[in-house]
Amino acid sequence: MTPQEAYQWLLQHHRDTAYLRSVKKLLAWDQRTFIPEKGHAHRAAQLAVLARLIHERDTDPRIGEHLSRVEGSDLVQDPAGAEAVNVREWRRAYEIHTKIPTDLAVALTRAAAEGQTVWEKARPQNDWQTFQPYLERLVSLKKEQAQALGYEKEPYDPLLDLYEVGETAASVAAVFTPLRRALAELLEEIPASFRDPDLSLLEGPFPLELQERFCRRAAERIGYDFAAGRLDVTAHPFSTGVGPGDARITTRYDEHFFPMAFFGTLHEAGHALYNLGLPEEHWGTPRGEPVSLAIHESQSRLWENLVGRSRPFWEGFFPEARKTFPALAEADLEAFYHAINQVRPSLIRVEADEVTYNLHIVFRFELERALMKGDLQVSELPEAWNTKMQEYLGLTPPDFSQGVMQDVHWSAGHVGYFPTYALGNLYAAQFFAQAAADLGDLSGRFARGEFAPLLQWLREKIHSQGSRFRPRDLVQRVTGRELSAEPFLQYLRQKFLEAG
Ligand code: ZN
């Protein structure tokens, strides 16, 4: 078999697997949106069969054989060419899938499912005692997984790499440590206009059908194509890229809190814009897939925060908001702008503002890194959590459910996931600063409701690149600089200190 033939086999094999994955995504989307109540058991069975088929295909030994025929051949000479990119990422995925013994994979899947189920019940009851043994089991399995995957420095590294290719605990800490210090200082200086805005403006009431219309209009205006997507309602909003021409989003509405649905919609639409901007001709191969969670999150955060919470955005949108919502008919733009940008340390990560959000992430990263190293035991986690919370945000949770038990991630075995949120914020600011330098006067454009140039820029520089470059290489190519917290900090200082 020639390298060319081996490559064709790999292409066909992975494309077919990608179709199965895309079917699974569609079933999962339906499971969270419109499935009739009695359909859940059958849906779970469908998903389990698909997961098994996908796993069998991902670990097919022929992948290894064909990869070794292609690696080192002329086909992959150009490292940025589609063939080389695909072979590089197929190899990585194959190694990950085959290094984990089947027993361990099964045990992990089961422990994650159990952990999540127990967490869902235990969290509202503030019941750490019941949850703790499940988390202990998961942590021990994650350590086994780290051993199976192998690492040079510490067990956290291979787990992190599963979510954010190329990162290590040390590389993340190098960015997070200065970020943390700078954020702590910045927090001290936030002026009263942002610390104590009039929040009653956001309480409406905002009738749901008006909100939905307004959200759809905003998503459309930034470039989300409803002929290639949908906006539905779920308790936990998400976005899913089913395939070319099909990237769906969900949101949730609160009649008495405007930001929830609106910024949630912009966030998920940002994810969807990335999915819809991937190069269609490479669909089903790494060259056509999103590069990482952090880069994905950079796209959602960019539209949600850097665009959606900016003053020029609302200079353009506020007249429409006043017309749409009787509760805002007399409202003042400046007051509204400050209300949607309140900065105040809070207990819950998902409700945190732009300044304090990353502090929540930094301490979660430090805790899970220590757990994996064995420097921290699960039984000590609640206390360690509260100590960090006090140190970083000056607050002590009144109970477990608003503290160590607030996030689903650990209960589902997602150790190493949290850093991608903060890295996403940093990438977003660094990309945005470059876009502003390249395009000029983004503010004026936003105020006029013109978002197409920015989207076009993102499509060209980021979306169309798929997984061509690893995240750190991508940011270096697009911005000419290494990833750093500095553009993000500059953005925050400019927004909250200089332009009060
Ligand atoms: Zn997101």
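What's counted below: heavy atoms across the whole structure, side chains too, no hydrogens, waters or symmetry copies. Owing to the predicted nature of the structure, the values given are computational and were not obtained by experimental measurement. In each ligand, atom 1 is the first atom listed, and ligand 1 is the first ligand listed.
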Identify which one of Glu164, Glu167, Glu89, Gln476 satisfies the side-chain hydrogen bond (donor to acceptor under 3.5 Å, both in side chains) criterion when paired with Arg470. Glu89
Does a side-chain heavy-atom distance below 4.5 Å link Gln46 with Lys24? no
Note: NE2(His271)-the Zn ion (ligand 1)-OE1(Glu297) angle, rounded to 10 degrees, equals 90°
Backbone N/O of Arg459 and side chain of Ser464: donor-acceptor pair under 3.5 Å: yes
Looking at the Zn ion (ligand 1), is there an N, O or S atom belonging to His267 that lies under 2.8 Å away from it? yes
Does any non-hydrogen side-chain atom of Phe206 lie less than 4.5 Å from one of Leu328? yes
Metal site the Zn ion (ligand 1): N/O/S of Glu268 inside 2.8 Å: no
